[in-house]
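Written below as structure tokens is the structure these notes are about.
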Amino acid sequence: MEERYDPQSVEPKWQAVWEQTRAFAVTEDPDKEKYYLLEMFPYPSGRIHIGHVRNYTIGDVVARYKRMCGYNVLHPMGWDAFGMPAENAAIDNNTHPAKWTYENIAAMRKQLKRMGFSYDWNRELATCDPEYYKWEQWLFIRMYEKGMVYRKESYVNWCETCSTVLANEQVEAGSCWRCGRAVQQKKLWGWFFKITDYAEDLLEYCDRLPGWPEKVLTMQKNWIGKSTGAQIAFPIYGTDESLSVFTTRPDTIYGATFMVLAPEHPLVKQLAAGTGQEEPVTEFVERMARESHTDRMTEDREKEGVFLGAWCINPVNNRQIPIYTANFALMEYGTGAVMSVPAHDQRDFEFAGKYGIEIIPVIKPEDISAGETARDQAYTGDGEMVNSGPFDGMHNRQAYEDLIAYFEKHGTGKRAVSYRLRDWGISRQRYWGAPVPMVHCPQCGIVPVDEKDLPVRLPEDIDLLEGGGSQLSAHEDFVNTECPKCKGPARRETDTMDTFVESSWYFERYCSPDYDRGMFDPTAVDYWMPVDQYIGGVEHAVMHLLYSRYFTRVLKDMGLVDFKEPFTRLLTQGMVCKETQHCADHGYLYPEEAEDRDESVYCKKCGNPVEIGRVEKMSKSKKNIIDPNQLVQYYGADTVRLFCLFASPPERDLEWSERGVEGGYRFLNRVWRLARTWMSRLENTRPYDGAPGEVDETARGLYIKTHQTIKRVTEDIEARFHFNTAISGAMELVNAMYGIDSQMAPDEADPQTAGVMRQALETVLLLLAPMVPHVTEEIWEALGHEAGSLANASWPAFREDALAAETKLIVVQVNGKLRGKFEIEAGADDETIKARALEDENAIRFIGDKPIKKVIAVKNKLVNIVV
RNA sequence: GCCUGGGUGGCGGAAUAGGUAGACGCAAGGGACUUAAAAUCCCUUGGGGCAUAGUCCCCGUACGAGUUCGAUUCUCGUCCCAGGCACCA
């Protein structure tokens, strides 16, 4: 053991050992209980950032901990390797996306290895590998055959900068989630997955995922957005046709005074034709089409519409009601038509007010005296029905049910459910993605590629410099093919798939990454899946996690897996944040561009004082980032890992602090120095593992502390992943060992004390091994253990009797306020401790001459005297 | 507006089947070692009070009530912060 702790020599040494011995490679072993720990795989951007480090450190601690507990732990890592940045970088640097991607992967793999994460690198995969996306294409065809995929022309979210389609989930506040540009609507043909078929099941299972954070489940539920109500047909006046609407409030139908169609609704132009309203309607519809989705959806958007010149008939009272088209109606939701009841819907109320449409209240508010009708807003609550013919006097909840029964009886409507969730549009007009494996044949129409011809490989000789959009459609060799059916000339589909498709099944591929007869080896998936613990950022709460749940259901319905939910437990770790530094002349500054002196911070460029901003998520634009590489070079991977774990519990945001990192480094040095000081005394000593009764005074405290710490750290990790308190516990144990150290020199220690010291030291190493694996392995070896054996050591167990055989501190309260305390042997009965408490001088002082009403005793804890 | 979380020292954060509030770390102050500094080690550190300086007293977990012998923890109300959703009929 070296005198000085030098992470730069210790860490690479153990990383080499783990690599050579393939320490973390696993295979299915039916005799061992499995544990599948997965962290969300990264996009290979070129270098890992501190968010990755935190995510993967948390995961690594759990993986190593479970491994020490005897589980067969699958802990894989790979690359979410398709996507736009590769194309942009390729254009910028005149390289190829594949080259750029694989170089980035190599660089990041090296960085991850330098962190000492316990991955089974044999299972590494990259989604841009044809051997990977081949099976994605295979599944696409299976889904197509089963009618789970379809093609349609639709308005899509279009990002001009990225020249691609975005899924609804990829639009954030009306802008592209990647580049921030305002999203436009564009009509385009594209491929869709029928995720809406599973809306109900996905929703239902939100209540059957106890291992998931409530927050994520709520977000998913909201995203699916289930509403129940009725679908009702309104005959169109003067025609044989009818207008179908979805409403959640069939009970308010007597108050319907107008109808609204989405501007894109096919009936809009048809109904307006020849009514004299044709011109204003066409003008309105065209203006709406020109407006971006963003503008139309902005908050507080003024409601606006045009009368179509047509009417429909309310089926319950034959009332003739006007039909409008308006900006607030969405074609994608329900039937694209709204039954408007201004008295009981705020939006309809505003519209009616603007256009002078009649407002008929049909529900009397429960909290307002009868007869009152003048209101400045819609009433959306419950109450007694009025103005509703035969339903008058009934409670609206009852009328709701009766009206649905009435519609069903007369065939004018039915109970209905509507979801906010839309089908998943997966077409992207980009090069760097998995090609959709379909062929357009002038004779046979759309034909899937033959399975034997998979994968449909991305052509490598491509010139990306020619403008944006998909270069695939310009690649003649790729596009021109023959029809799998009639063998005539045909054209290939040039859309590639959304990269979320790859990440919807990679966790299954990890189970058998080299399998070449299917997406995965069923026996391997059967053994490893589902993932026991999944860890990643909350930013994936909706998209990635919902798509993965959907995909798993698809695989189940195809008989490929026998479970519905891929992730049993989910942990969403918080973000890494740091204060910003801003110079009046030079803008935001990187940490190394500012200089700390005299308790203030100055800009290195101009020497002026720097303004310290609020603590925010680390981002390049704010320059409040720190480079994991530099930290590792300076402090070592163990210190960086330790700080990430210690600074805050995993689900909470972590505020980066250079001083905090130094604190972590100092602690590891403290452990090192203690081990080094005592090494010659301990290396030939056996750890003391005897009964507590035989431990004499000197070592007794440390002995008990050791066992208490094992219990505490185990519970902190096992029950709640609170590594910060686990580390606190280990620090306390080290402090206790320094207590012995300050009392005696190592060679003065009696055999028993030395044994207890060794036991304490080994405990510290075992408990910290999952968190700081390198330094602990080094000291473990110095103690005479086989090199590299700590990674496979058993998690320590505590002795119950070591915790039990103790005196307890009893707190004395008078009227609930702390007035004194005393020590007594553990388990002393209530009467004994009450008696002792009543003798307490200070307590007596507070009791004074007031009569004692009651004395409450809690065994081993406290006595409260009530006066 | 709706849905989730969350408000505890100078700072990051401990403590919830209700039972000593502030573990552990950072920062700060004092001391030891040193020619000196760094490193290290030890001590102090929520606020206030006192003729008694203590095994002392009062206040204190966003704010206001309530339940209880006892509330950071449970209930109700209010305020503030963060994240998500937001014309979804």
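These numbers come from the heavy atoms of this one structure, side chains and all, not from hydrogens, waters or symmetry mates. Sequence lines set the chain letters: A, B, ... in the order given, protein chains first and strands last, and positions in each chain run from 1.
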Sugar-phosphate, base or nothing in reach of A:Pro649, heavy atoms under 4.0 Å: sugar-phosphate
Distance, C1' atom - from B:A14 to B:A32, rounded to whole angstrom: 31 Å
Once you apply a heavy-atom cut-off of 4.0 Å, does A:Arg720 come out as touching a base, just sugar-phosphate, or nothing? sugar-phosphate
Now, which nucleotide makes the Watson-Crick or G-U wobble pair with B:U4, with each of the two distances under 3.5 Å? B:A82
With sugar-phosphate meaning primed atoms plus P, OP1 and OP2, does A:Ile727 contact a base, only sugar-phosphate, or nothing at under 4.0 Å between heavy atoms? nothing
Less than 4.0 Å between a side-chain N and a carboxylate O, is that true for A:Arg347 and A:Asp345? yes
B:C88 base / A:Arg422 side chain donor-acceptor hit below 3.5 Å: yes
Heavy-atom closest contact (A:Ala736 atom, A:Leu702 atom, distance): CB-CD1, 3.9 Å
When you measure only distances, ignoring hydrogens and angles, does the side chain of A:Asn864 come within 3.5 Å of the base of B:C69 through a donor and an acceptor? yes
Taking side chain to side chain contact (heavy atoms under 4.5 Å, CB included) as the definition, give me every residue that meets it alongside A:Arg652, ordered by chain and number, with sequence neighbours left out. A:Ser648, A:Pro649
Classify the nucleic acid contact of A:Arg4 as base, sugar-phosphate or nothing, counting any heavy atom under 4.0 Å across all strands shown. nothing
Is A:Val866 touching bases, backbone alone, or none of the nucleic acid, heavy atoms closer than 4.0 Å? sugar-phosphate
Per nearest nucleotide of RNA chain B, the residue lying toward the 5' end, A:Ser418 or A:Lys215, is A:Lys215
Taking atom C1' in both B:A62 and B:G54, compute the distance separating them and give it to the nearest angstrom. 33 Å
Ion pair check, A:Lys215 and A:Glu651, cut-off under 4.0 Å: no
Considering only heavy atoms and no angle criterion, is a donor-acceptor pair shorter than 3.5 Å present between the side chain of A:Lys853 and the base of B:C69? no
Short side-chain N/O contact to B:G25 OP1/OP2 from A:Asn735, under 4.0 Å: yes
In the structure shown, which nucleotide is the Watson-Crick or G-U wobble counterpart of B:G29, with both distances under 3.5 Å? B:C43
